[in-house]
Structures are given as C-alpha cells and as structure tokens.
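Since the structure comes first, as structure tokens, the remarks are kept for the end.
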There are 2 protein chains.
Amino acid sequence: MARPRKPLLSRDRIVEAASTLVDSEGLEAVSTRRLAAELGVSGPSLYNHFRNKDEILDAVADSVSAQVDLSMFDEDDGRDWRAALHDWAVSYRAALAAHPHIVPVLAQGPGRRPAGLRVADAAFGGMVRAGWPPTQATYIGALMRYFVTGSALGSFARGFVDDETAYDPADYPHLGQAHLLADRRQKVDEGAFETGLRAILDGLALQYEQRTPAATVRPSPKRS
Amino acid sequence: MARPRKPLLSRDRIVEAASTLVDSEGLEAVSTRRLAAELGVSGPSLYNHFRNKDEILDAVADSVSAQVDLSMFDEDDGRDWRAALHDWAVSYRAALAAHPHIVPVLAQGPGRRPAGLRVADAAFGGMVRAGWPPTQATYIGALMRYFVTGSALGSFARGFVDDETAYDPADYPHLGQAHLLADRRQKVDEGAFETGLRAILDGLALQYEQRTPAATVRPSPKRS
DNA sequence: ACCTGAACACCGTTCAAGT
DNA sequence: ACCTGAACACCGTTCAAGT
C-alpha cells in the first residue's frame, strides 16, 4: 500500500493501543512488532511518530499521570492543605492501581513526561499557596510521589507465589503464613497505604506548625 | 570443551558478574549472552544454574536486600522503635542508592526473594517487640518499604534532561527553572527523604500513643 | 509525509550432543 | 552434572523504495 492519503497512525492511536496492550498483557507483551500488528501496520511505521519504543512507553505512562485529579490544588478549592494532600494521594494511587503494569515506567521520576511534571507542579503550587515555604513544598510533592508510586509498585499483593510451601517459616520467624495468603496481602497493602498516609499527614502537620512563618499568601490559617 | 572437571560457573559467580554489569552499564546491558561472555562461557550455560534470566535478576536484587542493616531490630539493641525505624530506613535507602539500576526489580514487592522477605520479617519482629499490635507492625514494614523504594526509584535526580529549554515555564507555572537543575535535584531528593521520614516517624508516634494496648508480645500476647 | 519489506545485529530459551 | 553449538522464534531499529 505504501503511503495512504489519510495517515493510518497517530501518536494518540499508538498510545491508546499500547495502553490497552500493557493493561491486558503486561509490559513485556509490548514489542514494536506486536503493537504495530495490533494497529494493522508494519513495525517500522511506528518510527514515523515516535523516536523509539521508550518514548511510546513514556507516553503511556504519562497518559496515566494525566488521569490524576489535581482539582484539590485549585485556587478556589475550599480544602486546607492537609485535606488536599490526602485527596490527591488517594486519587494518585487509584490512577496507578488502575494500570499497574505501567507503574515501573511511571515511577522512575517525572523526567520528561509533561503530565508527570504537571502533577508535581500542581502539588507544589497548592502547598505554597497554603503557606508552606517553597523548599518544603517541593519536598512534600516529592515525598508524596515516593510513597504513592512505591505503594503502587511494591505491593505485597503482587509477586508472591501462591504456594505456601514455598515459604519456610523457619526462615521468617515472625512473618506468619497468614501474611502470605492472597486475601491478606491485599488488606496489607490497603492498611499500609492508609496508615502511612495518615502518618505522613500528621507528621507534616507538626512541621507546619513549627515552620518558619516566612511565606504566607493568604490570610494565614495559623494553628487552631 | 564441554564439561570441565571443575564447574566453571556457580550461582554466586553469575550473580556477582550480573551485579557488576548492572551497576556499571544498567539493567538493559544484561543479556544472557553478554553476561555469559563476561564469565567466559556460552549463553546457554547459565541455564544450568538458573531457570531463566528473571531469576538471575531477582538474585541480584536480593543480594542488595541482603546488605540492608537489620541489627537495630535485634532483641538486645537498646534503641526504641522510632530510632530503629529511622536507622533502618537510612540503611535501606543507602543500600538501594548504591545500586540504583536494580531498584526497579527490587521495588516490585518482596516476592520470592529470601533476603527481601527477611527484611520484612525483621522489621515486623522489631515493631511487635516494641509493643505495636501485629497488624500495625505489618503495615509499618510495608509502608516504610513503599517510601524507601519509591524514593530510590523515583528520584528527581534521574530521568531529567539537562537542557533547560526542554521545559517551558509556561507549562509548569510554579516549578521554577531552578528545580530542574542537576544540583538542585539531588538536594530535593535528600530533603524530601529526610522530611518524609521525619513526618512518618512523627505521625507513627501519635498512632503509637493512641494504639489499643492489646498485644505486647511477652510475657504472653493472649488478652483473653 | 507516511508507509512498506528487507536487512542488521541482536535477544531468551531449548535441545541434542559431548565429556 | 555441566558445558557446547545449532537452532527457533523472536526482538528494536535503520534504510532505501514506494506513493
């Protein structure tokens, strides 16, 4: 056929097909040839739209970042910084959990992914407006990302073998067999996320009270 | 040559060579053929010692977990749970930071990696002995792992392009150009880790005070 | 500009054959 | 038991050729 009058491909179509493939069969199922076949074209066609395979995967990862709700950081949103951070973390984690196979790509720093940077930017802006010093605001955005991506990636619920005999209790004196069951593992992930999120927010609240009252942008929430 | 009287390979030698290769040239440089060449054997030889390439990488990851200091959870260590958790997190992160290229493998849950499970087991045991209820102790081990692996993996210091013009300020109104410079990024990682760790420990301390004083592991955990 | 087939330099893994 | 070369079924990417 060679070149058709209407392009067969577009970046969006490629990203969409790649996302579907990643979600249904995992990262390793994505080869340029397989992906091209899924799109009804030959492998090298993709190189008219992306420089290489990594850029395609980056774009897939970024499309997940784009689904993270950032409205809690809007100027006219009523919530205080703590509630905003909480809601953000929950939305962030939900977005990643919906596409677990791409998380390893997404977790590797915001790098050159626009939506990933937008997430960092929004959180930073929200914290500064709430009265956090810029340096601290940067740290908060980063540490929340560490925690959320870490929890989405390093889930207890994944990577275990569902064969209790694979884990000798003598090797792990404290870790009961119960911890290694599938049901239990998912509860561990949820509990650990909630516990960790609460601890982070409580701990940040202490730091907020003690912060050097340098930059306040609005009336000032002060301590209650 | 075929089979020599003394085996040319061993699991340890393979893991060592793979680690060196991962550290020096990154994950993608590790192919079974390249690794075998580095060891002076042919590719398929590796399959006498490992079932597949993934098992080799798991072993490399586990050798990093094995370097995490766990002595702070020893029965006769004087530190309280908070100090133990702090020192553990710092040692944990240092171990990962020393081998950044294998972190994506390591971060994917403790799975079937013995040393990874031993890390989880030790932390759990230490928290229970300090008076945390078992459920909370499990959560703490998991959430700390999320945070530490997330910070080692998702570092701001990696994945950025060192070309300021690549990031249009109009796209990220709050994120100044300064954030995107290499020096700055490393400081962000350190600051974010310290700030996050402190927040987690402070927050957990609040939860510790309010915990249901149900289980203290010795003399007898039974409440009834 | 955008797609193609052919080609290059690789992969992971299996397997029969050697000792 | 442990290594080999050959082979299979793949890879990512380049490139000249087609429209």
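Order of the sequence lines sets the chain letters (A, B, ...), proteins ahead of strands, with each chain counted from 1.
- Taking the side chain to side chain donor-acceptor pair (under 3.5 Å) definition, one finds that R34(B) meets it with E25(B), E38(B), sequence neighbours left out.
- Only P44(A), S45(A), N48(A), H49(A), listed by number, bring a heavy atom of residues 43-52 of chain A to less than 4.0 angstrom from any atom of DNA chain C.
- For residues 25-36 of chain A, proximity to DNA chain D is found at V30(A), S31(A), T32(A), R33(A), defined as any non-hydrogen atom under 4.0 angstrom from a strand atom.
- Helical stems of DNA chain C (runs of at least 3 Watson-Crick or G-U pairs, donor-acceptor distances under 3.5 Å) are listed by first residue: C:4-8 with D:12-16, C:12-16 with D:4-8.
- Side-chain contact between L85(B) and M72(B): absent, with no pair of heavy atoms (C-beta onward) separated by less than 4.5 Å.
- Partner of L27(A) under the side chain to side chain contact (heavy atoms under 4.5 Å, CB included) criterion, out of V60(A), V103(A), L57(A): L57(A) alone.
- A distance-only check finds a donor-acceptor pair linking the side chain of N52(A) to the backbone of D54(A) [under 3.5 Å].
- Ring-plane geometry between W88(A) and F73(A) is classed as perpendicular, the angle between the planes exceeding 60 degrees on a 0 to 90 degree scale with a lower cut at 30.
- The distance between atom CG of L39(B) and atom C1' of dC2(D), rounded to the nearest whole Å, is 14 Å.
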Exercise for review: Give the intermediate values and the outcome of side-chain contact (heavy atoms from CB on, under 4.5 Å) for residues H174(B) and V128(A).
Suggested key: CA-CA 9 Å; H174(B) 307 108; V128(A) 168; over 6 Å; no

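- Applying the side chain to side chain donor-acceptor pair (under 3.5 Å) rule to R118(A) yields no partners; only residues at least two apart in sequence or on another chain are considered.
- For DNA chain C, none of the residues of residues 10-20 of chain B falls under the heavy-atom distance limit of 4.0 Å.
- Counting only distance, with no hydrogens or angles, the side chain of D12(B) and the backbone of V15(B) share no donor-acceptor pair below 3.5 Å.
- D87(A) and Y92(A) form no side-chain donor-acceptor contact under 3.5 Å, judged by distance and modelled atom types alone.
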Point to revise | Trace of the ring-ring contact (aromatic ring centres under 6.0 Å, His included) decision for F147(B) with F193(B) | key: CA-CA 8 Å; F147(B) 179 65; F193(B) 179 74; 5.5 Å; yes

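- By the 6.0 Å contact criterion, CD on E190(B) is enclosed, its count of non-hydrogen atoms from other residues, nucleotides or ligands being greater than 12.
- To the nearest 0.5 angstrom, D121(B) atom CG is 9.5 Å from L70(B) atom CG.
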